[in-house]
Structure formats: structure tokens, C-alpha cells
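This is a predicted model, so every value here is computed, not measured.
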Amino acid sequence: QVQLVESGGGLVQAGDSLRLSCADSGRTFSSYGMGWFRQAPGKEREFVAAISWSGGSTQYADSVKGRFTISRDNAKNTVYLQMNSLKPDDAAVYYCARGWGRLGAVSPDSYGYWGQGTQVTVSS
């Protein structure tokens with residue numbers, strides 16, 4: 001069965017960078033789109049970024065566009081989220097997810113498997 005394991009979260013100052021990783025144990029990792037979501041205390045889960053099965057197309061939430069970059073290495077069964085110029089508003093638990101199809105999407109309903117989440121804290 002599929003298992004997603006996230007890592008890379010931590011405590012940083014505003015303006016710093018982090019790179020999150022998500023390792024997928026599924027044998028057919030390269031056949032599915034992947035996405036990143038986040039959830040802050042008292043708020044609903046929100047879309048952050050998505051990437052197609054081949055890595056050929058990506059999409060981002062307006063709030064992170066230009067600062068965050070999603071990528072994947074299918075040989076390593078891993079998807080990444082590079083986060084630059086972090087702001088206090090970026091603080092949240094970040095989750096990776098595997099989609100039902102080849103393309104990533106903004107809706108969480110398009111994803112069938114989720115990681116446990118990794119905490120990102122940003123001090124001002």
C-alpha cells in the first residue's frame with residue numbers, strides 16, 4: 001500500500017528558506033500527480049502547489065507564487081517543496097498528497113493519499 005512520509009519542517013526566521021521532502025513508498029509513484037497543502041491553527045486546509053506526473057507542469061497558490069517551487073525526482077520517489085522568503089503567515093502544518101490521476105489539482109478531493117504532515121514555524 002501507499003505511504004507518504006514528509007520531512008524538512010522546522011523553526012526559522014522570517015526571510016529564511018526551507019525545503020520539504022515527501023517520500024512515496026508506492027511502486028507507481030511516477031504515474032500520479034502530487035500536491036502540497038497546508039493548515040494553520042484555526043484555519044481550513046489550503047492548496048499550496050501541485051505538479052504533474054512527469055514534472056512537466058506545475059501550479060501554485062497566489063499567496064506563494066514566486067517564493068515556493070514544487071519539484072519531483074521520480075527515480076527517488078520523492079516530491080519537494082522549496083520555500084523561500086518565508087513569512088509568519090506561512091506557518092502551518094504542511095501535507096503532501098498523491099493524486100488519483102496524472103495531473104495535480106487545487107482541490108483536495110483530487111488526492112487519495114496523504115502524508116502525516118510536517119510543522120513549519122516562522123518567527124518575525
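- Contact between K76 and T78 at its shortest, heavy atoms only, is O-OG1, 2.9 Å.
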Considering only distance and modelled atom types, tabulate donor-acceptor pairs under 3.5 Å from the side chains of residues 96-114, sequence neighbours left out.
unit_1: S107; atom_1: OG; unit_2: D109; atom_2: N; d: 3.2
unit_1: Y111; atom_1: OH; unit_2: A105; atom_2: N; d: 2.8
unit_1: Y111; atom_1: OH; unit_2: A105; atom_2: O; d: 2.6

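- The line from CD of E6 to OH of Y94 is 12.0 Å long, rounded to the nearest 0.5 Å.
- Taking CD from Q59 and OG from S52, the interatomic distance works out to 9.5 Å, rounded to the nearest 0.5 Å.
- Hydrophobic cluster membership differs between L20 and F37, with clusters built from Ile, Leu, Val, Met, Phe, Trp and Tyr side chains linked at under 4.5 angstrom.
- S25 places a side-chain N or O within donor-acceptor distance of the main-chain N or O of Q3, the cut-off being under 3.5 Å.
- With rounding to the nearest 0.5 angstrom, the CZ atom of R19 is 11.5 Å from the CE atom of M83.
- Members clustered with V5: none, using a 4.5 Å side-chain heavy-atom cutoff among hydrophobic residues.
- Residues that satisfy the side-chain contact (heavy atoms from CB on, under 4.5 Å) test with S63, not counting sequence neighbours, are R38, A61.
- For residues 54-75, every residue pair satisfying the salt bridge (Lys or Arg N to Asp or Glu O under 4.0 Å) rule, not counting sequence neighbours, is listed here: D62-K65, R67-D90.
- In this structure, Q119 contributes its side chain and G9 its backbone to no donor-acceptor pair below 3.5 Å.
- To the nearest 0.5 Å, atoms CG (L18) and CD (Q82) are separated by 8.5 Å.
- Following chains of ILVMFWY side-chain contacts shorter than 4.5 Å, one cannot reach V64 starting from Y80, and the two form parts of different hydrophobic clusters.
- Listed by chain and residue number, nothing satisfies the salt bridge (charged side-chain N to carboxylate O under 4.0 Å, His left out) test with R45 (two or more places apart in sequence, or in another chain).
- Two residues are said to be in side-chain contact when any heavy atoms from C-beta on lie closer than 4.5 Å; V79 and W36 meet this criterion.
- Both I70 and L86 are assigned to one and the same hydrophobic cluster, defined by single-linkage of ILVMFWY side chains at heavy-atom distances under 4.5 Å.
- Under a hydrophobic clustering in which Ile, Leu, Val, Met, Phe, Trp and Tyr are joined whenever their side-chain heavy atoms come within less than 4.5 Å, directly or via other members, I51 and F68 fall into the same cluster.
- In this structure, P88 and A14 approach most closely via the heavy-atom pair CD-CB, 4.2 Å.
- Atoms OH and CG, from Y60 and L81 in turn, are 8.0 Å apart once rounded to the nearest 0.5 Å.
- Distance CD/Q13 to OG/S124: 9.5 Å, rounded to 0.5 Å.
- Legend: residues meeting salt bridge (charged side-chain N to carboxylate O under 4.0 Å, His left out) with K43, ordered by chain and number and at least two apart, are absent.
- Under the 3.5 Å distance criterion, the side-chain polar atoms of N74 are matched with a main-chain donor or acceptor of W53.
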